[in-house]
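Chain naming here is simple, since letters A, B, ... match the order of the sequence lines and numbering starts at 1 in each. Heavy atoms only: backbone and side chains are in, while hydrogens, waters and symmetry mates are out.
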Amino acid sequence: MSFLFGRARGRANAAELPKQAREHITKLDGAVAGATPGTTKADELSKILSQMKQVLQGTHESEPSPDQIYQLVLSIIEEDLLYLLAVYLHKLPFEARKDTQVILSYVFRFRPPTAPPKNEPPALAYVLDKRPQVLVELCRGYDHKESSTPAGTVLREVLKNEAAAAIILYDDGDVPGSSARGEAGIVRDRPQSGNGVFWAFFDWIDKSSFEVAADAFTTFRELLTKHKDLVPRYLSVNFDLFFSRYNTVLVQSNSYVTKRQSIKLLGEILLDRSNYNVMTAYVDRGEHLKICMNLLRDDRKMVQYEGFHVFKVFVANPHKSVPVQKILLMNRDKLLQFLSHFLEDRTDDEQFIDEREFLIKQIRNMPPTPVPPQR
Amino acid sequence: MADEGVASHYQVLEELGRGSFGVVYKAIEKATGEVVAIKHIDLESSDDDIQEIQQEISVLSTCASSYVTQYKASFLRGHKLWIVMEYLGGGSCLDLLKPGNFSEGHIAIICRELLFGLEYLHAEGKIHRDIKAANVLLSETGKVKLADFGVAAQLTHIKSQRNTFVGTPFWMAPEVIQQAGYDFKADIWSLGITAIELALGEPPHANTHPMKVLFQIPKNPPPRLEGKFSREFKDFIAQCLVKDPDHRPTAKELLRHRFVRSAGKVEALQELVQRKQMADAKADRIKLPVFYQETLHNISPKDESSEWVFDTVKSVVPARRGTIRSRKPSPSYALEDSMRKLDVKDGPLQATTPGTVRRLTARRQQSSAHQGSVRRASNISNGSPRASIQPKRPLQPDLSFGNTGSTMRLFRRVPSFGSDSDRHSGSFEPLTNENRQPTSFQSQPVEPNSKEAMLGRRLYNKAIEPSLDELHAQTAASAKRDALARLSDAFALLDSVDPEGSYHFLRNLVATASQDTKLNAAILGSQQPPPPQQQQQSKTPHDGTPQGTVIIKSRPPPPAMAPLTSPSKLVMSQDNPHVASQRRRKESVAPEGLSPTKSADREQRDREKMALEAKFPGRPAVPGMEHCKALSDLLYTRWTDGLRARWGNLATA
């Protein structure tokens with residue numbers, strides 16, 4: 001019977017819950033200083049969040065009421081609770097963090113049954129226009145081990161929306177053209193300063209503990225691979241900044257996982273059709289080839305293997321730039337010798353074997369002196 | 001990811017077992033003194049699993065229930081991921097089944113506890129997807145906990161469904177196999193199968209080939225528990241094994257079933273733990289705990305002469321190249337590494353161009369100097385059942401990379417355009433042969449071309465190297481380890497230069513040893529195992545028989561495993577993002593640690609490789625696109641398209 005009672009009470013208070021949550025959440029700041037009062041505050045807050053989750057989601061036994069949900073969502077927006085939850089996520093207790101993740105995901109996804117399906121969910125539309133800081137603060141969840149998983153989970157769902165991804169890519173503080181004033185204020189052709197929240201991902205991936213770094217990388221990959229109009233343009237405008245950070249921080253990271261995953265992602269980015277211009281610009285640079293060739297000689301086989309899938313783009317490129325040709329020619333004999341024994345034990349990877357043979361042929365048949373590419 | 005130092009917070013003790021993709025060690029957290037279990041996952045040995053492992057960690061780290069093994073931390077150490085978990089001293093239910101099947105009373109308690117665990121998971125929107133006895137752990141006090149979340153799923157919404165095909169065939173629910181969308185009810189089916197497993201020692205259809213089972217489960221009526229069991233128990237299982245998931249009860253509903261309602265206290269399960277301990281004590285065999293050892297063959301120092309030449313291009317970034325070269329894993333690696341380097345360079349046996357006969361003599365001297373170690377080595381490989389478990393190679397995790405790395409030199413791929421294989425600059429050797437310590441010999445490994453040489457190489461790969469590794473892992477004193485490492489290097493050298501020599505050497509060694517009665521008794525034992533060369537040839541008696549630590553009962557015999565690799569395609573579409581994990585799971589279809597199956601698997605892969613190899617000379621050459629720029633362009637585009645199709649899958653996975 002207790003759940004009936006809980007639901008009845010929840011129904012009466014659904015719209016009131018966000019207000020109560022807001023009151024409790026702002027008191028969490030004191031939690032660091034005095035432990036005991038903070039804990040009870042956190043407990044009460046946890047209860048409210050758990051109730052909110054139940055209103056939204058229902059339980060296995062009871063269906064949620066659409067009306068209640070709509071009231072709750074509106075009230076959450078009104079109380080600016082999305083922002084507060086994002087900011088204070090890492091201070092919440094274990095269960096409350098999970099509840100918050102469910103609440104945020106749900107609210108960002110929620111469409112009133114009467115609204116036309118083309119419209120963006122109201123909470124998401126509100127954040128994109130008026131409160132982009134919510135998304136920025138969710139990213140900052142990676143500052144703390146506690147908040148990285150719930151924040152990352154919410155982020156990845158929200159980032160399926162292209163405008164939301166743009167908010168994060170173009171966040172650049174108060175600079176004009178930054179996304180800080182909503183999606184409409186973004187100036188896409190303005191090069192980024194490199195101080196926005198997107199650029200913090202490089203450090204989160206490289207410097208955090210495994211759990212945080214791995215989650216941050218997953219989000220980073222989503223950001224860079226999901227949106228086929230947004231990202232190519234972004235990468236073209238910010239080509240030098242992006243790839244210099246990418247190559248120094250990620251590809252040459254001391255962390256095995258960061259290194260291996262970022263080489264793989266690099267290959268994915270370059271071979272995405274929508275990134276054709278980015279790819280051609282990338283494989284024109286001799287320095288990029290050098291980094292890549294050094295990866296082939298890494299101590300770890302999987303790093304070599306992932307490096308190979310970037311290296312092949314340089315070699316297979318029919319319009320190789322002169323610097324690239326020079327490097328390949330200078331190392332021609334070494335490369336031929338090297339490739340003929342490269343990862344020999346991958347005998348069941350036929351595609352790899354074919355590709356390796358193709359590269360050997362390409363290198364072998366290069367003209368002896370660099371030829372300026374004709375396009 | 002800056003957490004290299006965290007590993008030093010733990011004192012790693014002996015090996016507990018091997019899971020689907022990692023070795024589990026017992027360890028002590030130094031700060032608290034708490035005993036924990038640490039799973040070491042070698043990330044180098046898997047192609048695409050990093051994200052799956054992340055998934056496992058994220059599911060685990062959001063669980064807080066006394067019915068689920070508690071996750072504590074995870075961090076990277078080189079290319080190994082360490083996952084720190086709560087330690088459960090009772091072992092898995094599969095282990096506990098070895099002395100005999102469980103009584104109904106015990107099963108009822110376990111089922112109730114598992115239902116509590118599932119109730120928690122399902123309320124959290126999680127599906128375990130791999131419930132089986134091997135994944136149910138007991139504490140020494142009898143607490144029951146769910147473990148191994150390797151394929152668990154997190155649903156974003158409480159009512160959403162999954163389509164991915166994961167799990168272990170015998171325990172899989174019909175709707176999972178049919179990929180028609182399933183939810184948490186799939187776990188209930190697996191629980192029913194697990195209950196049968198606990199009662200009978202094995203799941204239904206255990207004699208059938210696992211791929212065939214995949215067709216039978218959806219087609220046949222659900223399995224029933226037969227025999228002299230109570231009506232309640234039989235009904236409980238029948239409830240779990242309702243084929244239509246909509247009519248299958250939830251965990252919460254099953255908790256009201258009479259079978260579990262009348263179950264006793266968890267403390268009664270201590271009997272099972274004690275029974276196993278008794279059985280272990282009675283079993284008359286030497287149990288050598290395998291202690292954790294830092295991997296030695298980790299980093300091969302760069303050979304300066306083999307660096308790429310970038311010099312004439314002025315835009316070289318010196319700092320970058322510096323970083324690459326100076327990258328050292330950690331001080332502790334570096335120290336041992338430099339010691340090993342000394343060994344290799346200063347070792348007495350590292351002549352540059354060795355002749356067969358000289359090598360052999362030199363080896364004899366070496367082995368007589370280390371007679372004690374050699375005896376111990378052969379003792380282990382012949383006497384102790386544990387040492388014969390093939391995949392146990394603490395020193396050489398890299399060998400499992402790709403396919404069986406240890407045989408890579410045996411079947412070297414010959415490039416279709418010939419001449420390259422004749423050119424030996426040698427400077428690339430450390431790269432192609434990376435998991436060995438870089439050696440100073442200048443020639444490529446010899447291709448074995450006589451029967452003796454083939455056997456010699458096989459002997460080295462299958463017996464000498466693993467035994468040395470095993471022994472090395474068990475040796476603590478650094479001087480002894482040092483000596484062993486030298487022996488290992490020397491053997492590696494002999495193998496690469498003259499596998500035939502190592503064959504003759506071992507043959508002579510065994511022959512001479514068997515002539516001395518005392519040696520014969522001490523080393524070769526009373527059962528008189530065949531001399532090494534025969535041991536290698538006759539796979540079935542040695543690989544096929546249970547080695548004591550494992551139960552086989554009526555698992556699919558090795559021959560039945562043979563067609564395992566291809567039929568999987570019948571069931572799974574290529575774009576199934578979990579194909580890789582399925583492949584891995586499939587290998588663990590038989591309970592983990594089944595050495596016969598694994599080595600049979602390896603045999604089979606060797607055979608496959610041989611077959612593949614046979615195809616190479618006749619392969620049509622890739623059309624000569626190099627003359628025609630336009631054609632080359634076209635092919636390039638097609639090629640990148642193909643890659644994209646492949647990589648696109650990975651991206652969405």
Side-chain angles (χ1 to χ4, degrees), chain A residues 57 60 94 98 105 149 157 206-211 213-215 218 225 248 252 254-258 260-261 267-268 271-273 286-287 290-291 293-294 297 299-302 316 318 323 326-327 330-331 334 336-338 340-342 344-349 353 357-358 360-362 365, chain B residues 1-3 43-44 50-51 54 57-58 61-62 64 74-76 78-79 81 156 158 250 299-300 308-310 312-313 315-317 320-321 323-324 327 398 401-403 405 408 411-413 415-416 420-421 423 425 428 431-432 434 609 612 622 626 629 632-633 636 639-640 643-644 647 651:
Chain A
Q57 216 182 21
H60 280 292
F94 180 79
K98 291 199 283 180
S105 297
T149 307
E157 250 186 82
D206 185 45
K207 298 209 167 58
S208 313
S209 69
F210 174 76
E211 290 145 293
D215 199 289
T218 314
T225 52
T248 48
Q252 300 183 48
N254 283 325
S255 152
Y256 170 78
V257 170
T258 301
R260 181 173 151 188
Q261 288 192 308
E268 280 171 46
L271 286 178
D272 193 312
R273 189 183 284 276
E287 301 134 65
K290 282 179 214 160
I291 294 169
M293 281 169 69
N294 283 328
R297 288 197 183 283
D299 305 314
R300 280 81 48 103
K301 294 200 169 196
M302 287 311 297
K326 269 190 188 156
I327 293 173
M330 230 181 309
N331 293 283
K334 281 190 170 196
L336 290 173
Q337 172 67 23
F338 177 80
S340 66
H341 299 294
F342 182 63
E344 288 176 286
D345 44 357
R346 289 191 86 89
T347 45
D348 55 356
D349 188 344
I353 293 170
E357 249 170 62
F358 176 80
I360 290 173
K361 281 210 162 157
Q362 289 287 310
N365 292 314
Chain B
M1 302 184 192
D3 42 23
L43 299 171
E44 268 287 271
I50 293 181
Q51 272 203 301
Q54 275 170 238
I57 291 176
S58 80
S61 64
T62 48
S74 61
F75 48 89
L76 278 174
H79 55 79
L81 176 65
T156 45
I158 210 163
T250 63
I299 296 301
S300 46
W308 304 119
V309 186
F310 301 135
T312 48
V313 184
S315 55
V316 176
V317 190
R320 255 179 217 165
R321 294 184 59 203
T323 1
I324 285 199
R327 189 159 39 72
D398 287 348
F401 164 75
N403 34 40
M408 68 179 171
F411 304 109
R412 183 133 55 84
R413 188 182 152 74
S416 55
D420 254 42
S421 56
R423 269 190 259 153
S425 83
F428 294 89
L431 274 146
T432 53
E434 191 168 37
K609 214 189 291 175
L612 192 69
V622 182
E626 57 277 2
K629 214 167 172 20
S632 166
D633 266 4
Y636 170 69
W639 182 57
T640 49
L643 294 171
R644 198 171 307 118
W647 290 18

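Heavy atoms only, all atoms of each residue included: A:Asp215 and B:Gln54 are closest at N-NE2, 4.2 Å. Across all their heavy atoms, B:Ile57 and A:Glu211 have their closest contact at CG2-CG, 4.1 Å. For the pair A:Lys334 and B:Val309, the tightest heavy-atom approach, listed with the atom from each and the gap, is NZ-CG2, 4.4 Å. B:Ser61 approaches A:Phe94 most closely through the heavy-atom pair O-CE1, 3.4 Å.
Qualifying side-chain contact (heavy atoms from CB on, under 4.5 Å) partners for B:Ser58, counting only residues two or more places apart in sequence or in other chains: A:Thr149, B:Gln55.
Judged purely by atom type and a 3.5 angstrom limit, A:Arg260 has no side-chain atom pairing as donor or acceptor with the backbone of B:His79.
Once rounded to the nearest 0.5 Å, the distance linking CZ of A:Phe210 with CG of B:Leu81 reads 4.5 Å.
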